[in-house]
K.L.:
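Shown below is the structure under consideration.
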Amino acid sequence: MRAKPFAAAALLVVAATAGCAGSQASQPQAGDTRFVAGDGKVTFFAAAERKAAPAVEGPTLTDGTASLAAHRGKVVVINFWASWCAPCRAEAPVLKDIAAKTKADGVEFLGVDFKDRKADALAFERTQQPGYPSIFDQPGKVALAFQGTVPPAAIPATLIIDRQGRIAARALGAVKYTDLFDAVTKVSDEK
């Protein structure tokens with residue numbers, strides 16, 4: 001019984017590494033569990049078709065705890081990243097700036113450091129200074145929690161959770177500033 005989660009975690013690592021390589025992506029669908037490389041484009045899900053985000057909680061890189069539940073009623077942008085991922089480093093300033101600009105609108109950002117060495121992740125955070133916490137998810141449990149909903153499926157990956165706790169949008173690969181800002185604004189403006 002324990003072999004299945006381990007096999008899924010191993011598949012996620014292989015796919016995430018391939019996703020970080022940056023080849024062409026196919027269009028993701030809600031509930032799609034295949035792993036694809038990302039092109040950074042944001043895919044929206046119609047409100048009636050959105051799936052609830054799973055419980056996300058874990059230790060942060062700074063020895064605190066972060067959870068999705070702590071931001072109930074707010075739009076939350078979850079970014080899956082790793083220090084070894086060049087597209088993650090490239091998009092970090094974009095995420096930092098948008099997080100700062102949208103905070104007053106009730107938008108929260110939460111990073112998930114995936115399959116990384118803690119020392120490398122801490123060095124990344126010291127350099128980037130994102131301004132929001134990151135869960136240290138070395139075993140990949142947070143990503144696996146999204147199986148059956150809208151999995152991250154690549155590194156980097158960004159999920160936008162609406163105010164009702166549902167997955168409203170997903171981007172696979174490094175996001176472009178305008179695309180992410182517009183997506184966050186669109187979800188934030190929903191009533």
Side-chain angles (χ1 to χ4, degrees), residues 11-28 32 34-45 56 58 60-62 66 68 75-103 105 107-140 142-144 146 150-161 167-188:
L11 178 60
L12 186 58
V13 171
V14 170
T17 304
C20 193
S23 62
Q24 290 286 357
S26 62
Q27 284 289 36
D32 186 359
R34 292 174 294 135
F35 296 99
V36 295
D39 60 7
K41 291 182 181 172
V42 178
T43 300
F44 285 93
F45 302 104
V56 171
T60 64
L61 286 167
T62 56
L68 188 55
V75 171
V76 181
V77 178
I78 302 175
N79 177 257
F80 291 81
W81 64 275
S83 66
W84 44 260
C85 171
C88 299
R89 291 189 299 276
E91 77 173 357
V94 167
L95 296 164
K96 176 181 178 175
D97 191 57
I98 294 173
K101 285 185 176 176
T102 59
K103 189 162 188 69
D105 298 325
V107 177
E108 297 289 337
F109 275 60
L110 178 62
V112 178
D113 177 40
F114 176 82
K115 295 289 184 183
D116 210 349
R117 290 181 349 145
K118 191 167 188 177
D120 294 339
L122 287 168
F124 179 92
E125 286 229 326
R126 275 192 304 276
T127 302
Q128 299 298 332
Q129 299 182 0
Y132 54 87
S134 282
I135 293 173
F136 181 57
D137 189 32
Q138 207 291 324
V142 174
L144 284 176
F146 282 89
V150 180
I155 297 296
T158 304
L159 301 176
I160 303 173
I161 311 301
I167 304 162
R170 172 174 74 173
L172 301 176
V175 293
K176 294 187 177 34
Y177 188 95
T178 303
D179 294 343
L180 182 60
F181 186 79
D182 290 350
V184 170
T185 300
K186 180 178 178 178
V187 175
S188 181

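The figures here come from the full heavy-atom set of this structure, side chains too, leaving out hydrogens, waters and symmetry mates.
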K.L.:
Which heavy atom of Leu172 sits nearest to which heavy atom of Ala157, and what is that distance?
P.N.:
CD2-CB, 3.9 Å
K.L.:
Taking all heavy atoms of Val42 and all of Asp179, pick out the closest pair and write down the distance.
P.N.:
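Of all heavy-atom pairs spanning Val42 and Asp179, the closest is CG2-O, 4.0 Å.
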K.L.:
Does some side-chain heavy atom of Pro133 sit less than 4.5 Å from a side-chain heavy atom of Thr62?
P.N.:
no
K.L.:
Which pair of heavy atoms, one from Arg126 and one from Gln129, lies closest together, and at what distance?
P.N.:
O-CG, 3.3 Å
K.L.:
Write down the atom of Cys88, the atom of Ile155, and the distance for their closest heavy-atom approach.
P.N.:
SG-CG2, 3.6 Å
K.L.:
Between Asp113 and Ser134, is there a side-chain donor-acceptor contact under 3.5 Å, judged purely by atom types and distance?
P.N.:
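Note: Ser134 and Asp113 side chains miss the donor-acceptor criterion.
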K.L.:
Roughly how far apart are Ile160 CD1 and Phe109 CZ, rounded to 0.5 Å?
P.N.:
7.5 Å
K.L.:
Please report the interatomic distance CD(Glu108) to OG1(Thr102), rounded to the nearest 0.5 Å.
P.N.:
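Nearest 0.5 Å value for the CD-OG1 distance: 8.5 Å.
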K.L.:
Looking at CD of Glu91 and OG1 of Thr158, how far apart are the two atoms once the value is rounded to the nearest 0.5 Å?
P.N.:
5.0 Å
K.L.:
Would a 4.5 Å heavy-atom cut-off, applied to side chains only, mark Val75 and Ile161 as touching?
P.N.:
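Not touching, per the 4.5 Å side-chain cut-off.
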K.L.:
When rounded to the nearest 0.5 angstrom, what distance separates CZ in Arg170 from CZ in Phe44?
P.N.:
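If I round to the nearest 0.5 Å, the distance is 13.5 Å.
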K.L.:
Hey, what do you get for CG (Leu180) to CG (Asp97), rounding to the nearest 0.5 Å?
P.N.:
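Answer for the CG-CG pair, Leu180 versus Asp97, is 10.5 Å.
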K.L.:
Could you grab the distance from atom CZ of Phe45 to atom CG of Leu159, nearest 0.5 Å is fine?
P.N.:
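Reported to 0.5 Å precision, the distance equals 8.5 Å.
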K.L.:
Quick check: does any side chain N or O of Asp137 sit under 3.5 Å from a backbone N or O of Val142, one acting as donor and the other as acceptor?
P.N.:
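Answer holds: yes.
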K.L.:
What are the two closest heavy atoms between Gln128 and Arg89, and how far apart are they?
P.N.:
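Heavy atoms only, the tightest pair is NE2-O, 4.3 Å.
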K.L.:
As a test of understanding, state which of Trp84, Trp81, Phe136 forms a ring-ring contact (aromatic ring centres under 6.0 Å, His included) with Phe124.
P.N.:
Trp81
K.L.:
Please report the closest heavy-atom contact between Ala174 and Pro87, naming both atoms and the distance.
P.N.:
CB-O, 3.7 Å
K.L.:
Check for a donor-acceptor pair, side chain of Asp39 on one end and backbone N or O of Lys41 on the other, with a separation under 3.5 Å.
P.N.:
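Side chain of Asp39 to backbone of Lys41, a donor-acceptor pair under 3.5 Å: yes, one is there.
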